[in-house]
Every structure is written in structure tokens, then in C-alpha cells.
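Comments concern the structure below.
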Amino acid sequence: MQHEAPSTGAEEALEVWIDQDLCTGDGICAQYAPEVFELDIDGLAYVKSADDELLQETGATTPVPLTLLQDVVDSAKECPGDCIHVRRVRDRIEVYGPDAE
């Protein structure tokens with residue numbers, strides 16, 4: 001059971017990354033937040049940069065726009081592979097996802 005993470009302030013910069021080893025390729029993340037996630041030709045989900053470039057490097061992160069925070073959080077909650085990780089940039093503490101406290 002996942003718990004709600006403490007609310008982060010509007011000034012709190014967050015980033016998201018996907019563990020492709022756990023990705024099931026369901027595409028739920030891309031449905032919730034197509035501006036942030038995309039399925040590649042390999043059938044796995046990846047994050048995209050602010051300029052819409054697919055980031056395929058292992059562990060690649062992208063900033064979470066405040067306007068899309070709820071969509072990204074919903075993606076992490078609904079992901080069947082539990083592979084979406086949202087963390088604070090300043091201390092790299094996961095606030096949403098399988099490793100969130």
C-alpha cells in the first residue's frame with residue numbers, strides 16, 4: 001500500500017525517472033502525462049525532456065512541471081510495474097513511487 005507523500009511546496013523542484021527493467025509497457029503513464037512519458041519502439045516507457053526529446057539513457061530524469069504534477073503522480077500510482085520514481089531534485093528523496101517513504 002502506498003502512502004501519500006508529504007505535500008511539496010510549489011517551489012520544490014521534482015524530477016521523474018523510469019526503471020525500464022520493471023516497465024511492463026502498458027502505457028498508462030503516457031496516457032496520463034503524454035508531455036512527460038512516451039513508449040518507444042522497444043515497447044518500454046521513457047521520460048521526455050522539456051523539448052520533447054525521448055531520454056533513453058538508463059536512469060535519465062526529467063523535471064516534473066508543476067502543471068503536470070498530479071498527472072505524473074497518478075501515473076506512478078497506477079503503474080502496474082511500479083517503475084516510475086518521482087523525487088526531489090535538491091536531496092534526491094523519492095516522494096512518489098515504489099521507494100517513497
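Just so it is clear, the values below take in all heavy atoms, side chains as well, and ignore hydrogens, waters and symmetry mates. Numbers here simply count residues along the sequence, with the first being 1.
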Can you give the donor-acceptor pairs under 3.5 Å from side chains of residues 16-24 to other protein atoms, not counting sequence neighbours?
residue, atom, partner, partner atom, Å
Asp19, OD1, Asp21, N, 3.0
Gln20, NE2, Ala45, O, 2.8
Thr24, OG1, Asp26, OD1, 2.3

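- Heavy-atom contacts from other residues, nucleotides or ligands closer than 6.0 Å to CZ of Arg92 number 12 or fewer.
- Of all heavy-atom pairs between Pro34 and Gln31, the closest is CD-O, 3.9 Å.
- Shown here for Ile28 and Pro80, the closest heavy-atom pair between the two residues is CD1-CD, 3.8 Å.
- Taking CG of Leu14 as the reference point, atom CD of Glu94 lies at 11.0 Å (rounded to 0.5 Å).
- Atom CG of residue Asp99 and atom CZ of residue Arg87 lie 10.5 Å apart, to the nearest 0.5 angstrom.
- The two residues Asp71 and Ala33 have their closest heavy-atom pair at CB-CB, 3.9 Å.
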Could you go through residues 56-68 and list every donor-acceptor pair under 3.5 Å that involves a side-chain atom there, pairing it with any protein atom two or more places apart or in another chain?
residue, atom, partner, partner atom, Å
Gln56, NE2, Asp40, OD2, 2.2
Thr61, OG1, Glu15, OE1, 3.3
Thr62, OG1, Lys48, O, 2.6

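- Val72 and Leu39 fall into different hydrophobic clusters, defined by Ile, Leu, Val, Met, Phe, Trp and Tyr side-chain heavy atoms under 4.5 Å apart, directly or through other members.
- When all heavy atoms of Cys79 and Ile84 are compared, the closest pair comes out as CB-CD1, 4.0 Å.
- Nearest heavy-atom pair, Cys29 versus Phe37, reported as atom, atom and distance to 0.1 Å: O-CD1, 3.4 Å.
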